[in-house]
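Just below is one structure, and these are the notes that go with it.
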Amino acid sequence: MQFTVLTSLPFEIETLILPVFENEPTVFPKPYQTLVKLRFKNKDFTGKAGEMVMLFPEEKGLPSRVLVWGLGTKDTFSGPVLRGLAAELVRKLKTFSRREVALWCLPGFAFLAQELAEGVEFGNFSLAKFKTGKEKEEIENAMIGKISFIVKKDTLSFRKALKKGFLIAEAVCRVRDLVNRGPSLKHVDYLVEQSKGIARKHGYSLRILDQKQLEKKGMHGILGVNRGSDMEAKMVVLEYTPPKTDKKKPIVFIGKGIIFDSGGYNLKPGQSLQEMQLDMAGAAVIMGLFEVLKPLQLHHHVVGIFPLTDNVINAKAQKPSDIVTTYSGKTVEIVNTDAEGRMILCDAITYAIRHFQPEYIIDIATLTGVCVLALGERFAGLFGNDAELLKKLKHAGETCDELLWELPIHPDDRKKMKSKIADLRNHDFSPQAGALKAAAFLEEFVEDKKWAHIDIAGPAFVKDPKKYESPMGTGFGVRLFVTFLEELRKG
Ligand code: BES
Ligand code: ZN
Ligand code: ZN
């Protein structure tokens, strides 16, 4: 979305938004003051969060539409609240088909410009990417094309924060689009091409490990999952080395990239198959993160790794009771072909350790259905072996409203992942503590590295979205990682 910052009202503006706190009329320039005051007086409007009243002033020189916008009480107002309200506001504006709008900014917005911009962009997001004809035209025509922020004082920091908010939200929206689309529209090579585009655009170094290279390295965790597929597995490795990097050791982010999870021979029952295009959400988050790393000039050396394959079946597909040798050398008994995420992640973790000296390894994955049962859609499960790292991630989550809830790894659950016939097994026949056992399995591969595992099966794809989300893909993780990297720098 285009935006401008202005210190006075543009003459030609058609739609002006006037934000108002609950029971606390703001002071606006004269003609607006009268308009708003009257509404308060008549109790047409009280300023409750999300309340909106459209006025159609007939006076000459005034915009033809003035939307009075309630922000709630001052003490409940915050960045996340503004993000949600701004998204709601834009959704409302879209019903009026106004392409250009101006928003009167209150002094309190100065420190919340990033959240404001994110909310505005999220409100413009449309799920209907594959509609055609008249409906498509209507949706496109309703989108807000340009917004002017009217401020008392134009500062560089305000503009920068707005720009940052739009940039991040655009990346998140691209992640949502990727997660939502069906598997045939995001096959492995499509995502590889997208990754090449990101690398080219920002000058990242990029390595694609194709089937042959995966075989040469002995990454049979990934290859095993890929055996039933008619498309090659690939692993994407993106690397960002900022010009004045102070740390040699990178932070490695790893994302699960299952294009479609049918469950394999442990085929998922009908309803559970329904949303399994979501299973590359972890990989999509890494792509989203790399869309913004360089533009935001984040100062960390960052590596992003995502193995890509679908988990489908043919006669060659991996079967329960098969045994695979992972890249680490450890053997795994495949008890359940539907526990495939951990099989591709473990090879990526070993790759991270062998090829980089990671300061941290952080994996993000739609890993277990039971994590959704435990934590629902608001919280991602957080696991790991370094209290300091987990604390930082949790804090970043609170800052940006992508919440993490720490779950334990118990020695008994570690034991359950041992196999009688091989070193490990990928499942132990019981759904109890499934998210914890998945984490215990991954932990076997992290050696002495500081590691965190984030299970986003709940918040990556939702039925009950937050105000600034839509149903389906949320892009959960991009803002979390950006905030984490920023807070890491600030110390
Ligand atoms: N991709 C699924 C997890 C999932 C389920 C994500 C529902 C989002 C919503 C994962 O690969 C899976 O199938 N996990 C199994 C693990 C089990 C076989 C140990 C599960 O959760 O049932
Ligand atoms: Zn699965
Ligand atoms: Zn899966």
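Values reported hereafter were calculated over all heavy atoms of this structure, with side chains retained and with hydrogens, waters and symmetry mates removed. Just follow the structure's listing: the first ligand is 1, and inside any ligand the first atom is 1. Counting from 1, the numbers follow the sequence of the chain as shown.
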Item to complete: Provide the number and element of each atom of ligand 1 under 4.0 Å from a heavy atom of Asn336.
Response: 18 (C)
Discussion item. What protein heavy atom lies closest to atom 2 (C) of ligand 1? Include the residue and the distance to one decimal.
Written reply: Asp261 OD2, 3.5 Å
Item to complete: Please verify whether a non-hydrogen atom of Lys268 lies at under 4.0 Å from ligand 1.
Response: yes
Worksheet, complete the sentence: Answer key: the N, O or S atom of Asp279 nearest to the Zn ion (ligand 3) is OD2
Discussion item. Walk me through whether Lys196 and Glu193 qualify under salt bridge (Lys or Arg N to Asp or Glu O under 4.0 Å).
Written reply: CA-CA 5 Å; Lys196 282 184 186 164; Glu193 283 311 309; 3.2 Å; yes
Discussion item. Distance to the ring centre below 6.0 angstrom and angle to the axis at most 45 degrees; does that hold for Arg342 and Phe445?
Written reply: no
Worksheet item: Is the NZ or CZ atom of Lys129 positioned over Phe125's six-membered ring, under 6.0 angstrom from the centre and within 45° of the axis?
Response: yes
Worksheet item: To the nearest 0.1 Å, how far is atom 6 (C) of ligand 1 from its closest protein heavy atom, and which atom is that?
Response: Ala457 CB, 3.6 Å
Discussion item. Is it true that, when you exclude Lys48 itself, more than 12 heavy atoms of the residues, nucleotides or ligands shown sit nearer than 6.0 Å to its NZ?
Written reply: no
Fill in: Protein contact to atom 19 (C) of ligand 1 [nearest heavy atom, distance to 0.1 Å]
His427 ND1, 3.2 Å
Response to the item:
Heavy-atom proximity to atom 5 (C) of ligand 1, picking from Gly369, Ser430, Gly263, Ala339, points to Gly369
Fill in: Mode of Lys256 contact toward ligand 1 - side chain, backbone, both, neither (heavy atoms, under 4.0 Å)
side chain
Item to complete: Would you please classify the geometry between the Phe253 ring and the Phe484 ring as parallel, tilted or perpendicular, with 30° and 60° separating the classes?
Response: perpendicular
Worksheet item: Just which atoms of ligand 1 are under 4.0 Å from any heavy atom in Glu340?
Response: 11 (O)
Worksheet entry | Residues Asp347 and Thr326: side-chain donor-acceptor under 3.5 angstrom | no
Worksheet item: Does even one non-hydrogen atom of Met276 get within less than 4.0 Å of ligand 1?
Response: yes
Item to complete: Verify the distance criterion only: is there a donor paired with an acceptor across the side chains of Glu291 and His202 at less than 3.5 Å?
Response: no
Practice prompt. Answer yes or no as to whether an N/O/S atom of Glu340 is found below 2.8 Å from the Zn ion (ligand 3).
Written response: yes
Worksheet item: For ligand 1, is Met343 a contact, meaning one of its heavy atoms is under 4.0 Å away?
Response: no
Worksheet item: Considering only the protein, which heavy-atom contact is closest to atom 16 (C) of ligand 1, and what is its distance?
Response: Arg342 NH2, 3.9 Å
Worksheet item: So do Pro465 and Thr474 actually touch side chain to side chain, heavy atoms under 4.5 Å?
Response: no
Worksheet item: Quick one: which ligand 1 atoms are inside 4.0 Å of a heavy atom on Thr366?
Response: 1 (N), 2 (C), 3 (C), 6 (C)
Item to complete: Identify, by name, the N, O or S atom of Asp261 lying closest to the Zn ion (ligand 3).
Response: OD2
Practice prompt. Below 4.0 angstrom from a heavy atom of Leu278, which ligand 1 atoms are there? Numbered from 1 as shown, please.
Written response: 8 (C)
Fill in: Test log, rule salt bridge (Lys or Arg N to Asp or Glu O under 4.0 Å), inputs Lys391 and Glu406
CA-CA 9 Å; Lys391 198 171 143 200; Glu406 193 181 337; over 6 Å; no
Fill in: Protein heavy atom at shortest distance from atom 10 (C) of ligand 1
Leu367 O, 3.2 Å
Practice prompt. Would you indicate which of Thr368, Ile456, Asp338 comes nearest to atom 12 (C) of ligand 1 when only heavy atoms are counted?
Written response: Asp338
Item to complete: Report, as yes or no, whether the 6.0 Å neighbourhood of atom NZ on Lys92 holds more than 12 heavy atoms from other residues, nucleotides or ligands.
Response: no
Item to complete: Please check if any side-chain donor atom of Asp401 sits under 3.5 Å from a side-chain acceptor atom of Tyr468, or the reverse.
Response: yes
Worksheet item: So does Lys256 have any N/O/S atom less than 2.8 Å away from the Zn ion (ligand 3)?
Response: yes
Fill in: Test item: protein heavy atom less than 4.0 Å from atom 22 (O) of ligand 1
no
Discussion item. Can you tell me if Lys449 has over 12 outside heavy atoms packed within less than 6.0 Å of its NZ?
Written reply: yes
